[in-house]
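Just below is one structure, and these are the notes that go with it.
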Amino acid sequence: EKQGYQHFMLKEIHEQSESLKRLLEDNLNGGQIDLTASGLAEDWLDNYDKIHIVACGTAYHSGALAKYLLEDKLRIPVEVEVASEYRYRNPIVDAGTLMIVVSQSGETADTLAALRLAKEKGASVLALTNSRDSSIARESDMVIYLKAGPEIAVASTKAYTNMVAAFYLLLVDGMRQRDNISDQITAEYTSDLIKLPEMIRKLSEQSKEQIQAIADNYADKENIFFIGRNTDYTLALEGALKLKEISYIHAEAYPAGELKHGTLALIEEGVPVVALGSRADIFSKLFSNLKEVKARGAETLLITEENQKFEIESVDHLIELPILNKDFAGLLAIIPLQLLAYYTALNCGEDIDQPRNLAKSVTVE
Ligand code: F6R
């Protein structure tokens, strides 16, 4: 069942190109995005004045990414929150709210409770879930199935990628509905989306040896930091979570601009800092933060697109991503981040598919 892979996690990392393709094909009709099978109206954006995205863990990170893009392009207010907070704080929800819950298992107790709360207050609920028969799928008004296929490893990989891709589909479908966004831009976004699976496939094959070499050096570190701005910050959150849950090394993600408000105090000789710089529009800002940590002795790993210009002396390790529009390029970084977590944990000798204290489906709060 592991098909020659040492762990389910590695198998699932390598399945991502296929599972992503499946989700995209399922929601494309003659080259156009069509989400009506989910129950969404063709002009759904007109029906809502705000969006709430609620989830836990990795699923929450996909929502954090979506907030940046949906607000930027669609100009609709978006809140994103972890379900365990949302459900106990009396959020402002009404019939104009589109509630998007995200859950691989479809059974996460806090997410289900948040869904019920929002529904009671009149929201329309759209679920992004990998499980057709789940409580979350059943109780939602509309459902986009993630089609990632069964995920066995506790650490989520291919479901995350499809969660982000489902938000990309919503984004582009929303852009189509906005009069100020031309059909040509929407068509370009659609064709960029279709390029993602092949780019992911190549990256999973190409980056392995380089990442193994970096991971050899990470196994005996105490702290590892991940920095990024905008959507890259949310990839940093996911990269840090993946690393700590399977390697048990302390990892933290920061918005790169926040470093000088405290965290820089923790950067000393040899501390690894992973800088995510997929967004060409704000790369120079990210790079100046990378220089600051390098000046304090950090061992830096930069993940950025392949034509990016920068001063190489500040970069100890470099992973290059293929060039893609800035709103989608960030997702490509998930491949090196997942592999980094995997190979670091392998070096640490941990039980990768079944990390201590964690369950695949969290059905109690
Ligand atoms: C991390 C991980 C967890 C889950 C979280 C939500 O790798 O797997 O953080 O993402 O427990 O689970 P679902 O998506 O099933 O609601």
Side-chain angles (χ1 to χ4, degrees), residues 7-13 15-16 19 23 52-66 80-87 99-116 118 125-140 143-167 226 234-249 251-253 334-335 337-342 344-345 350-365:
H7 294 97
F8 281 109
M9 183 177 175
L10 191 60
K11 171 175 175 271
E12 288 160 11
I13 289 173
E15 279 170 357
Q16 288 177 107
S19 52
L23 172 71
H52 285 186
I53 304 173
V54 180
C56 301
T58 286
Y60 165 75
H61 294 157
S62 75
L65 181 147
V80 55
E81 197 166 9
V82 291
S84 56
E85 286 300 312
Y86 185 89
R87 64 180 290 196
M99 167 79 160
I100 306 181
V101 290
V102 192
S103 176
Q104 189 284 128
S105 64
E107 297 297 345
T108 300
D110 282 323
T111 309
L112 183 59
L115 175 169
R116 288 176 177 156
V125 181
L126 167 66
L128 312 184
T129 180
N130 203 29
S131 173
R132 244 172 223 286
D133 310 317
S134 62
S135 309
I136 286 176
R138 252 191 324 273
E139 295 192 28
S140 296
V143 185
I144 295 178
Y145 290 106
L146 295 173
K147 295 269 180 129
E151 212 181 46
I152 310 288
V154 165
S156 182
T157 53
K158 57 180 181 164
Y160 169 79
T161 294
N162 279 18
M163 287 166 185
V164 172
F167 278 119
F226 291 75
T234 71
L235 266 295
L237 287 168
E238 177 58 8
L241 175 63
K242 223 74 316 173
L243 187 86
K244 66 187 140 190
E245 71 176 328
I246 59 170
S247 74
Y248 313 149
I249 296 173
E252 262 189 275
I334 197 61
I335 299 298
L337 291 174
Q338 291 168 348
L339 289 171
L340 197 60
Y342 176 81
T344 302
E350 303 303 347
D351 184 354
I352 292 180
D353 285 337
Q354 293 288 332
R356 69 185 179 211
N357 305 340
L358 296 179
K360 186 67 192 162
S361 179
V362 184
T363 52
V364 291
E365 36 172 325

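No hydrogens, no waters, no symmetry mates; every other heavy atom, side chains included, goes into these values. The structure presented is a predicted model; accordingly, all values stated were derived computationally and were not measured. Start at 1 and go down the list; that is how both ligands and their atoms are numbered.
Every atom of ligand 1 is numbered from 1 in the order shown, and the set under 4.0 Å from a heavy atom of Ala59 is 10 (O), 14 (O). Atoms of ligand 1 lying under 4.0 Å from at least one heavy atom of Lys242, given by number and element, are 1 (C), 7 (O). Listed by number with element, the atoms of ligand 1 under 4.0 angstrom from any heavy atom of Ala155 are 7 (O). In summary, the atoms of ligand 1 found under 4.0 Å from a heavy atom of Ser103, numbered by their order in the structure, are 13 (P), 14 (O), 15 (O), 16 (O). For ligand 1, the atoms lying closer than 4.0 Å to a non-hydrogen atom of Glu245 are 1 (C), 7 (O). Those atoms of ligand 1 that come under 4.0 Å of a heavy atom in Gly57, given as number and element, are 9 (O).
Taking 4.0 Å as the cut-off between side-chain N and carboxylate O, Lys158 and Glu151 do not count as a salt-bridged pair. Salt bridge status for Glu365 with Arg87: present, with a side-chain N to carboxylate O gap under 4.0 Å. Salt bridge status for Lys244 with Glu252: absent, with no side-chain N to carboxylate O gap under 4.0 Å.
Inspection of the Thr363 and Glu107 side chains reveals no N or O donor paired with an N or O acceptor under 3.5 Å. When only modelled atom types and interatomic distance are considered, Lys242 and Ser156 share no side-chain donor-acceptor pair under 3.5 Å.
Separation of atoms CG (Leu235) and CD1 (Ile334) is listed at 5.5 Å; rounding is to 0.5 Å. Within the model, atoms OG1 of Thr234 and OH of Tyr60 stand 9.5 Å from one another, a figure rounded to the nearest 0.5 Å.
Ligand 1 has no nitrogen or oxygen under 3.5 angstrom from a nitrogen or oxygen of Thr111.
Regarding atom 5 (C) of ligand 1, its nearest protein heavy-atom neighbour is Cys56 O, 3.7 Å. In terms of protein heavy-atom proximity, atom 12 (O) of ligand 1 is closest to Thr108 OG1, 3.5 Å. Here the heavy atom of the protein found nearest to atom 14 (O) of ligand 1 is Gln104 N, 2.6 Å. Val362 CG2, 4.1 Å is the protein heavy atom nearest to atom 11 (O) of ligand 1. For atom 3 (C) of ligand 1, the closest non-hydrogen atom of the protein is Thr58 N, 4.1 Å.
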Kindly indicate, with the supporting measurements, whether the criterion side-chain contact (heavy atoms from CB on, under 4.5 Å) is fulfilled by Ser62 and Glu238.
-> CA-CA 9 Å; Ser62 75; Glu238 177 58 8; over 6 Å; no
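A centroid separation of less than 6.0 Å is found between the aromatic rings of Tyr342 and His7.
Only the backbone of Val154 comes within 4.0 Å of ligand 1, judged by heavy-atom distances.
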